[in-house]
Amino acid sequence: MTPSQALRQSMPPVSGQSETSGGFFRDMSDALARPPHRLSPKYFYDERGSALFDRICELPEYYPTRTELALLARHAADIARRMGPGAEIIEFGAGSLRKIRLLLDALESPARYLPVDISSTHLAASALQLKADYPGLALRPIVADYTEAISWPKEAFSAGRRYGFFPGSTLGNLDPQEALDFLRQARRLLRGGALLLGVDLIKDPFILHAAYNDGAGITAAFNLNLLARANRELGANFDIGQYAHYAFYNAPLQRVEMHLMSKRTQEISLGSDCYVLNEGETLHTECSYKYTLRGLQSMATQAGFRPAAAWTDEANLFSLHWLEAPG
């Protein structure tokens, strides 16, 4: 048996189920049936979409990842002190499991780590690599949509104090009411512990525009991959060359919007139905809300958390929040 095979056998299986094609089909049909045509950004993250997003995080224009990594490195010792020994960590929307490493290196004997992500293939590969680098870590990957009620596997949790980790400003992908609902759900799950939350801040619109319209076209490829996925998994007939990536900052709503704009009037077949997108109409694929420190803390308080600390970089591009969840 090779070391790799032994490692695979020693790691617990990935639990849960990824988003079904039935859910994707239903939501795509609903999006195409009537304007405004809007689809959840969770469907970006098939295997190729997840890989493209990892490339986005390395782009010079995309400041959130490197800024948050620097904040985590700077404050890891303080965060570890707040968590204490034997912490149990649940990471929502875990992705490539890159940022958790900064915490694991600072923590004293963490009891367990449960990364939650919707992309089963990407999560399994990332978890295998993490287990190789941290062989003593109790690791239990969970495939689930963290915005919905999660069916946690039996004995998923230890007796340790429970902490949530939600980096990447992924909270911004949720509309304000959805974000509040998520925070309330997280507060109930983490009672007696806390949530470490990464949130992007309101800033110069030119910085935001560059971050979502990179010169290498990786974000455009990420956006358009959604249509390729629909063609492959749903049997749709999107003519991908006839759609344009379109992203902008909507200042009154304090959010970046990402769309796929139809370059001409075209018919889309999906199952037994046919839909029409006119020239200039868009499929709205993502919102990324930006916050002020006070605005985020107010929402967290409304959800039942107690804001205890907030850290920002020198340019006030990004923020980390320590939100205590009363027992």
**Q** Could you work out, with side-chain contact (heavy atoms from CB on, under 4.5 Å) as the rule, every residue matching His75, not counting sequence neighbours?
**A**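 For His75, the residues satisfying side-chain contact (heavy atoms from CB on, under 4.5 Å) (neighbours in sequence not counted) are Leu71, Ile79, Trp311.
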
**Q** Does the ring center of Phe222 lie less than 6.0 Å from the ring center of Tyr45?
**A**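 For Phe222 and Tyr45, the ring centres are under 6.0 Å apart.
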
**Q** Is it true that Asp105 and Tyr134 share a donor-acceptor pair across their side chains at a distance under 3.5 Å?
**A**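 Yes, side-chain donor-acceptor contact under 3.5 Å.
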
**Q** Is there a side-chain contact between Trp322 and Asp78 in this structure, where contact means two heavy atoms from C-beta onward sitting under 4.5 Å apart?
**A**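 With C-beta onward as the side chain, the pair stays apart.
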
**Q** Does some side-chain heavy atom of Cys287 sit less than 4.5 Å from a side-chain heavy atom of Arg38?
**A**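 Result yes, sub-4.5 Å side-chain heavy-atom pair found.
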
**Q** What residues form a side-chain hydrogen bond (donor to acceptor under 3.5 Å, both in side chains) with Thr219, not counting sequence neighbours?
**A**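 Scan of Thr219 (side-chain hydrogen bond (donor to acceptor under 3.5 Å, both in side chains), adjacent residues dropped) gives Asp214.
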
**Q** What pairs of residues pass the salt bridge (Lys or Arg N to Asp or Glu O under 4.0 Å) test when at least one of them lies in residues 60-69, not counting sequence neighbours?
**A**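 Passing the test, one end in residues 60-69: Glu68-Lys99.
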
**Q** How long is the gap from CG on Leu224 to CZ on Phe44, to the nearest 0.5 Å?
**A**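 Taking CG in Leu224 and CZ in Phe44, the distance rounds to 9.5 Å.
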
**Q** Side-chain contact, heavy-atom cut-off 4.5 Å: Asn237 with Ile268?
**A**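 Answer yes - side chains close enough.
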
**Q** Would you list the atom pairs, donor with acceptor, under 3.5 Å between side chains in residues 183-191 and any protein atom, with sequence neighbours excluded?
**A**
unit_1 : atom_1 : unit_2 : atom_2 : d
Gln185 : NE2    : Tyr146 : O      : 3.3
Arg187 : NE     : Ala303 : O      : 3.1
Arg191 : NH1    : Arg188 : O      : 2.6

**Q** Under 3.5 Å, side-chain donor or acceptor atoms of residues 51-58 against the rest of the protein: list the pairs with distances, not counting sequence neighbours.
**A**
unit_1 : atom_1 : unit_2 : atom_2 : d
Asp54  : OD2    : His122 : NE2    : 3.3
Glu58  : OE2    : Arg98  : NH1    : 2.8

**Q** Looking at every non-hydrogen atom in both residues, tell me the closest pair between Leu201 and Asn316 and how far apart they are.
**A**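 Smallest interatomic distance, heavy atoms only, reads CD1-O, 3.5 Å.
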
**Q** For residues 268-291, which residue pairs qualify under salt bridge (Lys or Arg N to Asp or Glu O under 4.0 Å), counting only residues two or more places apart or in two chains?
**A**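 Of all non-adjacent pairs touching residues 268-291, those that pass salt bridge (Lys or Arg N to Asp or Glu O under 4.0 Å) are Asp200-Lys290.
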
**Q** Please name the pair of heavy atoms, one in Gly280 and one in Met261, separated by the smallest distance, quoted to 0.1 Å.
**A**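 Looking at all heavy atoms of both residues, the closest pair is O-CG, 3.7 Å.
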
**Q** Please name all residues satisfying side-chain contact (heavy atoms from CB on, under 4.5 Å) with Ala228, sequence neighbours left out, ordered by chain then number.
**A**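 side-chain contact (heavy atoms from CB on, under 4.5 Å) list for Ala228, sorted by chain: Asn225, Ile240.
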
**Q** A side-chain contact here means heavy atoms from C-beta on lying under 4.5 Å apart; do Tyr113 and Leu130 qualify?
**A**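 Yes - at least one pair of side-chain heavy atoms lies under 4.5 Å apart.
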
**Q** Tell me every residue that passes side-chain hydrogen bond (donor to acceptor under 3.5 Å, both in side chains) with Glu267, counting only those two or more places apart in sequence or in another chain.
**A**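 Testing Glu267 for side-chain hydrogen bond (donor to acceptor under 3.5 Å, both in side chains), a comparison that skips the adjacent residues, returns none.
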
**Q** Specify the closest pair of heavy atoms between Pro141 and Ala127, including all atoms of both residues, with the distance to one decimal.
**A**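 Minimum heavy-atom separation between Pro141 and Ala127: CG-CB, 3.7 Å.
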
**Q** Do Leu196 and Arg82 have side-chain heavy atoms sitting under 4.5 Å apart?
**A**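 No; the side chains remain at least 4.5 Å from each other.
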
**Q** Sort and list the pairs that fulfil ring pair (Phe, Tyr, Trp, His ring centres under 6.0 Å) and have at least one residue in residues 256-295, not counting sequence neighbours.
**A**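 Counting only pairs at least two positions apart or across chains, the ring pair (Phe, Tyr, Trp, His ring centres under 6.0 Å) contacts touching residues 256-295 are Phe248-His259, His259-His284.
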
**Q** Any salt bridge (Lys or Arg N to Asp or Glu O under 4.0 Å) pairs touching residues 307-320, not counting sequence neighbours?
**A**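 Pairs touching residues 307-320 that pass the test: Arg74-Glu314.
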
**Q** Side-chain heavy atoms under 4.5 angstrom apart, residues restricted to Ile, Leu, Val, Met, Phe, Trp, Tyr: same cluster for Val256 and Leu253?
**A**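 No, no single cluster joins them.
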
**Q** Is there a path of hydrophobic side-chain contacts, each under 4.5 Å between heavy atoms of I/L/V/M/F/W/Y residues, joining Leu137 to Ile100?
**A**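 Same hydrophobic cluster.
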
**Q** According to side-chain contact (heavy atoms from CB on, under 4.5 Å), who are the partners of Glu178, at least two apart in sequence or on a separate chain?
**A**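 Partners of Glu178 under the side-chain contact (heavy atoms from CB on, under 4.5 Å) test: Leu174, Asp175.
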
**Q** List the atom of Ala80, the atom of Ala106, and the distance in Å for their closest heavy-atom pair.
**A**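 Shortest heavy-atom separation between Ala80 and Ala106 comes out as CB-O, 3.5 Å.
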
**Q** With sequence neighbours left out, which residue pairs that include part of residues 291-310 fulfil the salt bridge (Lys or Arg N to Asp or Glu O under 4.0 Å) condition?
**A**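 Non-adjacent pairs meeting salt bridge (Lys or Arg N to Asp or Glu O under 4.0 Å): Arg306-Glu324.
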
**Q** Within the 4.5 Å heavy-atom criterion, are Met28 and Glu233 side-chain neighbours or not?
**A**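 Contact flag for Met28/Glu233 side chains = no.
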
**Q** May I ask you to test the Glu88-Leu114 pair for a side-chain heavy-atom distance under 4.5 Å?
**A**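 Heavy-atom side-chain distance check passes, below 4.5 Å.
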
**Q** Does the side chain of Phe24 reach to within under 4.5 Å of the side chain of Leu39, using non-hydrogen atoms?
**A**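 The answer is yes; the side chains approach within 4.5 Å.
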
